[in-house]
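Since the structure comes first, as structure tokens, the remarks are kept for the end.
Letters go in sequence order (proteins before strands), and every chain restarts at 1. Predicted, not measured: the structure shown is a model, and the values here were computed from it.
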Amino acid sequence: MNLDILWYLVPSVIMFCCGVYGFVTRKNMIAMLVSLELMLNSADLNFAIFNRFLFPDKMEGMVFTLFAIAIAAAETAVAIAIIINIYRSIGSTEIVETNKMKH
Amino acid sequence: MLPELIILGIFLIVFLCDTFTPDNGKKFLTPLTSVLFLLATVAIWIVPSCQESVFGGMYVDNAACKAMKCVLNVGAFICFLEASKWISTKEVVIRKGEFFELILITLFGMYLMISARHFLLFIIGLESASLPIAALVAFNKHKYESHEAAIKYIMTAVFSSAILLTGLSFVYAFSGGSLYFSDIAAQISAGEMSGLLLFALAFVLAGIGFKLSLVPFHLWTADVYQGAPTAVTAYLSVVSKGAAAFAFFIIFVQVFGQVYSAAWEWMLYAVIIATITIGNLFAMRQKNMKRFMAFSSVSQAGYVMLGAMAADELGLASMMFYILVYVVSNLGAFAVISTIEDRTGYVGMDDYNGLHKTNPYLAVAMTLAMFSLAGIPPFAGFFSKILIFTSVTGTNSMALYMLVLIALINTIISLYYYLLVVKAMWISSDAPKIESFKAGCTEKTALWICVLGIVFLGLVSYVYQYFVSSVGASALLSLN
């Protein structure tokens, strides 16, 4: 049983780490958004795994996952809209181009 | 559900009026929203609250939640007044209705954050509070800085939600299959401390810390505050931060209260010291007023968190009082900043040189706001700092005395940079850059509310008593 849950949990944690790594190193906003999606999906996966293996007679983790997916979609929609606006005004989606404010 | 229903009702009225009136009839939107909102605030405050729980206990309303919502409403109302001039300028007037709708929806989300007793409802509230703010930050469609600020805000917001969700997923592993605050608390206190729980707690702390811009999760603050329209910056710095602070307190005390000293006391201890100190040190070298207020608000968030450090009823009451005082002081400062920016376009600290010669009333209001933020008696900021310090030292532990000592030293450091603004306005001998102008009616009203709040909130002890009694009456800290 313990081995079983690890088979699912370890990929999920690796996915989270990939997301964090991608978010920090990628220079393109779309790629950063993809990395963020990876992190969010890893969290959703965690909920589903814990629900399935630890509390198989309850449903709260699954329901939470459904809501979290919907919320992630909303977040992506807003972020994409903002990226399109940036592309219109500077013609690029590279994150290095967006540091015009002084430090 | 009364406060939420009222806010949704106002949202629908504003939305319908915005959609179905001709474009030249939009003039009445600002007064309509402000008046409706004022009436709603009074209604929420006056109607006696009953202990009610809805959705199977997911949502709980009581006197303390009601008091928190009223504090947020005061901030949002002053923001409406401050924004009314900017929202009627040529670039944004076409989207006037959207501004009010988005703000009302974020308020609805914050209400849910405060009243949620189940993590699903809390996450929904948190997201509906933070996503519309990204749209608000990007509101100046023709200004590049607005977009840059918005992308920085949305990226950090999604990143922090991802971290928070991951933390919650590990908390869920301990919860016995339920995401109710009370069930999780019972399970955690029954089990023994484990490394994984600490890990999960650190993730939850980081996720909410991003929203509150606690150090080391504060890096987005300065750029977002600078690029966003000033009215939105004001809203972001007080109302959004206040709601996050309340939610932080409720979650950490209700869910993790049993493992307070074993798990998150020292985490929060380190974060508070870093937040207050680093916020102060960076604020000193800012020349742009909005960036300056950003770092000042980072440091103020550290003081607010002292209330969570106390983790008892007095801590919550003094935190509510601190945020109310912070609302009037910070919005007072922002009212002056946005008035001057609307008229002249200046936001640098050097542009304020000799302000008292041309605009003495604005200079007085700004001075009072700075004195209150710095905590100079007899203004309200002094009393809010005293109360929050006292609440922390209630337990007589040496470590907490040290924390208060560090916070006190930082208050003295903060005096330096707040007084830099006062010096520029009153003492600097340069010729004033900003010409004399008359502030509009709504701006004057906002400034008067803020000034009266700064002067009288501390002296009128009824306000603090009201918070203490509302917290006492609502058994917010007990775990059923």
Top contributor to chain A interface from A135(B), S130(B), S178(B), S161(B) [non-hydrogen pairs under 4.5 Å]:
S178(B)
Closest contact, heavy atoms only, S169(B) versus A43(A)
CB-O, 4.0 Å
Given side chains that start at C-beta, do those of [X] and [Y] come closer than 4.5 Å, heavy atoms only?
{"X": "F174(B)", "Y": "L54(A)", "result": "no"}
{"X": "H147(B)", "Y": "R88(A)", "result": "no"}
{"X": "M39(A)", "Y": "I163(B)", "result": "yes"}

Atom pair [atom1] ([X]) and [atom2] ([Y]), whose distance is rounded to the nearest 0.5 Å:
{"X": "S89(A)", "Y": "K141(B)", "atom1": "OG", "atom2": "NZ", "result": "11.0 Å"}
{"X": "I95(A)", "Y": "I151(B)", "atom1": "CD1", "atom2": "CD1", "result": "6.0 Å"}
{"X": "M155(B)", "Y": "M29(A)", "atom1": "CE", "atom2": "CE", "result": "6.5 Å"}
{"X": "F170(B)", "Y": "N46(A)", "atom1": "CZ", "atom2": "CG", "result": "4.5 Å"}
{"X": "S146(B)", "Y": "I82(A)", "atom1": "OG", "atom2": "CD1", "result": "9.0 Å"}
{"X": "D223(B)", "Y": "N99(A)", "atom1": "CG", "atom2": "CG", "result": "9.0 Å"}

Atom [atom1] of [X] with >12 non-hydrogen neighbours under 6.0 angstrom:
{"X": "F67(A)", "atom1": "CZ", "result": "no"}
{"X": "R95(B)", "atom1": "CZ", "result": "yes"}
{"X": "F203(B)", "atom1": "CZ", "result": "yes"}
{"X": "I80(A)", "atom1": "CD1", "result": "yes"}
{"X": "F15(B)", "atom1": "CZ", "result": "no"}

Which atoms of [X] are under 4.5 Å from chain A, going by heavy atoms: the side chain, the backbone, both sets, or neither?
{"X": "L164(B)", "result": "neither"}
{"X": "H142(B)", "result": "neither"}
{"X": "A173(B)", "result": "both"}

Would the distance check show the side chain of E127(B) and the main-chain N or O of I71(A) forming a donor-acceptor pair, the cut-off being under 3.5 Å?
no
In terms of relative ring orientation, are F47(A) and Y172(B) parallel, tilted or perpendicular, with 30° and 60° separating the classes?
tilted
Chain B shares the most heavy-atom pairs under 4.5 Å, among D44(A), I86(A), V78(A), with I86(A)
Top residue by heavy-atom pair count (under 4.5 Å) with chain B, among E75(A), E37(A), E97(A)?
E75(A)
Which bit of [X] is near chain B, if near means a heavy-atom gap under 4.5 Å: side chain, backbone, both or neither?
{"X": "I90(A)", "answer": "side chain"}
{"X": "F50(A)", "answer": "both"}
{"X": "F23(A)", "answer": "side chain"}
{"X": "F64(A)", "answer": "both"}

